[in-house]
Every structure is written in structure tokens, then in C-alpha cells.
Amino acid sequence: MLKKLLKGCLTAAMVTAMAVSVSAETTLKWSGNAAATLEQTTTVVDGGDGVTVMDMYSSGDLDLKASVAGDQWTGMAKIEMDFNAAGVSAVDDLYVEMQSDALTIMFGENDIIGIGQGGDYLGEIDNTLGWGDGDEIPGEDGWLQVSLNEVGLKVFLGLNHVDPDDDATGDAYDRTAFGVTFAKSFGMIDLGFQYVSLSTKRDENNGSAVAEESKYDGLTATEMALAVTANISEKMAVSFNYVADAYTAGTDGADEVKTTTMALFFDMGLSDTMGFTVHYGQESEDDGAVVTTQTVLHGTLKVTTGGVDHYVAYESIKDASDADGDDDDTTSTFGYTMKVGF
């Protein structure tokens, strides 16, 4: 209910912001893109024969932003929508914001989790690791964030109620999260740090579900992320991302599940219309019984001609486990994407 109410309030604020007269220094900007991709994927499971699949798909993005400038503060409302060829759409971001020289206050749904750096030339074929977005910490959700602009520090609080229909266990639960982000440049070095803590609790008023143990009745999770970029030149940079996640389900005797991700990005601009990104990443998950590891090697060449972006990408993914009898699974993908921004 809280989430639906929040969306309604933000939508009303968006419409109101757009309706303000031009004399109040209101601006309305919209941007987006449309992309079409052809890819060939070969998958080998447990050392068996490879299976190759060809696929074509398309996607799109549309962003609307309305802002009203005052003497000391600027008010802004933004909505971001994603589309695919099936006509299915999703609202990624929907929030309102007020900003001064020293302070910014953001309220709404925004993907503030993750501080990953690097990957300037990546396209649609992209399963890169190391961006700081853990599975247990929500991305787009209800957030209140206060930013100290000159310091580079952001403090945020998230409150969300999950309905039973949206929960795989069938239990409604309340989710509370808080965190801090620090991001600042020091000469040729861009540094970012983020820490997030999350806890969940079942809704005690949710009838018979209270009688059952649930993963979300007492689940706790934390995420710590570090991102460092060395800007070697205007067109060349090396980035390192590190993420450490941990969560413990609310069920009795549940083991802590730890995930560690490390990734390297090398971005190189060859000209104003051409560049490439090479990415190597590894993610390991330890659930107390089995350690699984995923290794990703990715490369993308981007070329822009006549306002159209062309991406040629290759990616190799290996999934390994230390469980007895498990063979490595591998997936390799080669593809081409054409994208037009507007």
C-alpha cells in the first residue's frame, strides 16, 4: 500500500511540475533510445554437447524530467521507463528532488544501490560484474536520500512493504534499509565507497502466514562496495570494483551466505566516434556448504556513424562449483547491436 501511495504521490508531483507556467522558469526535457540486437549464444552444461541459439530482440528507454528553478532551490521530477518488443514496460525511476548548491534531497524510487565505475563503451550484450548491486539489497525502491554536494556524501533510508502477491513465500513483510555513499575525484583518481544494511520482518497482521517460518522474518543483509578509477588520459581509464555482500535468512539455523565480486575494466577511446571496453570479473558465493564461482570475460567495440551507435561484443562466462561431481558450465555470446539515441 505504501508503495502504491508513493507512486501516486510522485505521479501527481510530476504532473504538477509539468503544469507550472513558463514564467516560473520551468523546463521539460525528454530523452531516450531504441536498440535492436542480434546475438548467437552457445551453452555447454556439465561438459556435455554445446547448444547454440540465435536470437533477435529490441529494447527502448524513455526519460522525462521537469524542473523548476527558484532563487536558491531547484525542484525536479523525473520518470524513466523501459520498453521491449513485447510491449511490456517498467518504470525504473520515479522521484522528486530539490537541490541547492550545498544540499540535495531526493524522495522516491531510484536505483541508488551500486557505485560501479568503468564500462564506457558497453552495449546491450552485457553481463558485467562488479557494479555493486547485490541480490538481497533492493535497487529501485522507496528511498529518501540527503546529499552533501560539496563533500560528496549521501545518506539514504529505505522503507518498503511487500505484499504477499509479490513475495515468493507468500508472506507480506516490511523492509528497512539504510546506507551511505561517498564519491569524489582526487586529481586523476575517481573514488567511490558505499555501505548498505537491510533488515526484513514479516507483517504480524498477515493472518496464517505468521504461523510459518519465513526467509523474510528476520532476514539481515549488508553490502560494502568500493570503486576506483585511474584516468590515464582523457580517452583511457582503468577501473577496479570490489563488492562484498552477506545475508542471513530469518529461518532458524540459517547459514550466512557471502558473495565477493571483483572486476577490472579497461576503457580506451580510439577517436571521438570509436572506442572499446574490456572487462574481467569474478564472483564467488559461499553458502556454508558449496562455493560457486562465476568468471566473465567481456569485450565491446563501439563505433558511431551518422548518430547511430554500433556495438560488436563478445562475452564468455564460466560457472564452476566445488561440489563433488559438478562440471563447469560455459556460455559464450557473440552479438551486434544498433542503437539510436534521441
Side-chain angles (χ1 to χ4, degrees), residues 33 101-102 104 110-135 137 139 145 147-156 179-196 222-246 258-285 293-304 309-318 333 337 339 341:
N33 64 73
D101 291 339
T104 299
N110 191 8
D111 195 0
I112 62 177
I113 304 300
I115 56 168
Q117 298 176 6
D120 290 347
Y121 302 98
L122 294 177
E124 302 301 296
I125 301 174
D126 172 22
N127 292 294
T128 49
L129 301 173
W131 291 85
D133 47 357
D135 293 335
I137 306 292
Q145 178 173 266
S147 307
L148 303 177
N149 300 330
E150 296 180 359
V151 179
L153 182 67
K154 301 177 181 180
V155 181
F156 50 91
V180 295
T181 301
F182 175 78
K184 204 169 183 64
S185 295
F186 301 90
M188 63 178 290
I189 303 297
D190 298 331
L191 177 64
F193 173 82
Q194 185 175 82
Y195 177 83
V196 190
T222 60
E223 177 175 297
M224 189 278 290
L226 175 68
V228 182
T229 296
N231 298 290
I232 302 171
S233 68
E234 290 186 0
K235 294 183 180 296
M236 185 187 304
V238 177
S239 299
F240 172 74
N241 297 324
Y242 173 84
V243 186
D245 297 313
K258 298 179 180 180
T259 304
T260 302
T261 305
M262 292 180 289
L264 278 172
F265 290 86
F266 177 71
D267 297 312
M268 179 69 182
L270 303 175
S271 68
D272 291 339
T273 59
M274 182 182 299
F276 66 90
T277 291
V278 177
H279 160 257
Y280 175 83
Q282 187 173 85
E283 181 177 275
S284 296
E285 179 181 290
T293 303
Q294 182 177 87
T295 304
V296 176
L297 179 62
H298 182 107
T300 299
L301 173 67
K302 176 185 177 183
V303 180
T304 301
D309 296 330
H310 306 268
Y311 299 86
V312 179
Y314 174 79
E315 183 174 74
S316 175
I317 302 176
K318 183 175 75 171
T333 302
T337 296
K339 178 182 286 188

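This is a predicted model, so every value here is computed, not measured. Values below: every heavy atom of this structure, side chains too, minus hydrogens, waters and symmetry copies.
- Residue-environment remark: CE (Met262) stays at or below the threshold of 12 foreign heavy atoms within 6.0 Å.
- Of the residues listed (Thr304, Asn33, Val303), the one engaging Asp309 in a side-chain contact (heavy atoms from CB on, under 4.5 Å) is Thr304, and it is the only one.
- Note that CG of Asp120 and CZ of Phe276 are 12.0 Å apart. Values are rounded to the nearest 0.5 Å.
- The minimum heavy-atom distance linking Met268 with Tyr121 is given by the pair O-CE1, 3.6 Å.
- Summarising the local packing, NZ of Lys339 is surrounded by more than 12 heavy atoms from other residues, nucleotides or ligands at distances under 6.0 Å.
- Between the side chain of Ser147 and the backbone N or O of Asn149 there is no donor-acceptor pair closer than 3.5 Å.
- Taking the six-membered ring where the residue is Trp, Phe186 and Phe182 present tilted rings, their angle falling between 30° and 60°.
- Smallest separation of non-hydrogen atoms from Leu301 and Gly275: CD1-O, 3.5 Å.
- Ile125 is not listed as a side-chain neighbour of Tyr314, based on a closest heavy-atom distance of 4.5 Å or more.
- Between Gly118 and Asp267, the shortest heavy-atom distance links the atoms CA-OD2, 3.5 Å.
- For the residue pair Ile112 and Gln194, the shortest heavy atom distance occurs at O-NE2, 3.0 Å.
- With values rounded to the nearest 0.5 angstrom, Leu270 atom CG is found 12.5 Å from Lys302 atom NZ.
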Tell me, with the steps shown, if Glu315 and Asn127 meet side chain to side chain donor-acceptor pair (under 3.5 Å).
CA-CA 8 Å; Glu315 183 174 74; Asn127 292 294; 2.8 Å; yes
Do Thr104 and Gln145 pass the side-chain contact (heavy atoms from CB on, under 4.5 Å) test, and can you show the C-alpha distance, the side-chain angles, and the key distance before you say yes or no?
CA-CA 8 Å; Thr104 299; Gln145 178 173 266; over 6 Å; no
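- Interatomic distance, Thr277 OG1 to Tyr311 OH, rounded to the nearest 0.5 Å: 9.5 Å.
- Here the shortest heavy-atom pairing between Ser239 and Gln117 reads CB-O, 3.5 Å.
- Put simply, NZ on Lys184 and CG on Leu191 are 11.0 Å apart, with the number rounded to the nearest 0.5 Å.
- With rounding to the nearest 0.5 Å, the separation of CZ in Phe265 from OG1 in Thr229 is 9.5 Å.
- A pairwise comparison of heavy atoms in Ala313 and Thr300 identifies CB-OG1, 3.6 Å as the closest pair.
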Just do the salt bridge (charged side-chain N to carboxylate O under 4.0 Å, His left out) check on Lys235 and Asp272 with the steps written out, would you?
CA-CA 9 Å; Lys235 294 183 180 296; Asp272 291 339; 3.0 Å; yes
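- Here the CD1-CG distance, from Ile189 to Asn231, works out to 7.0 Å after rounding to the nearest 0.5 Å.
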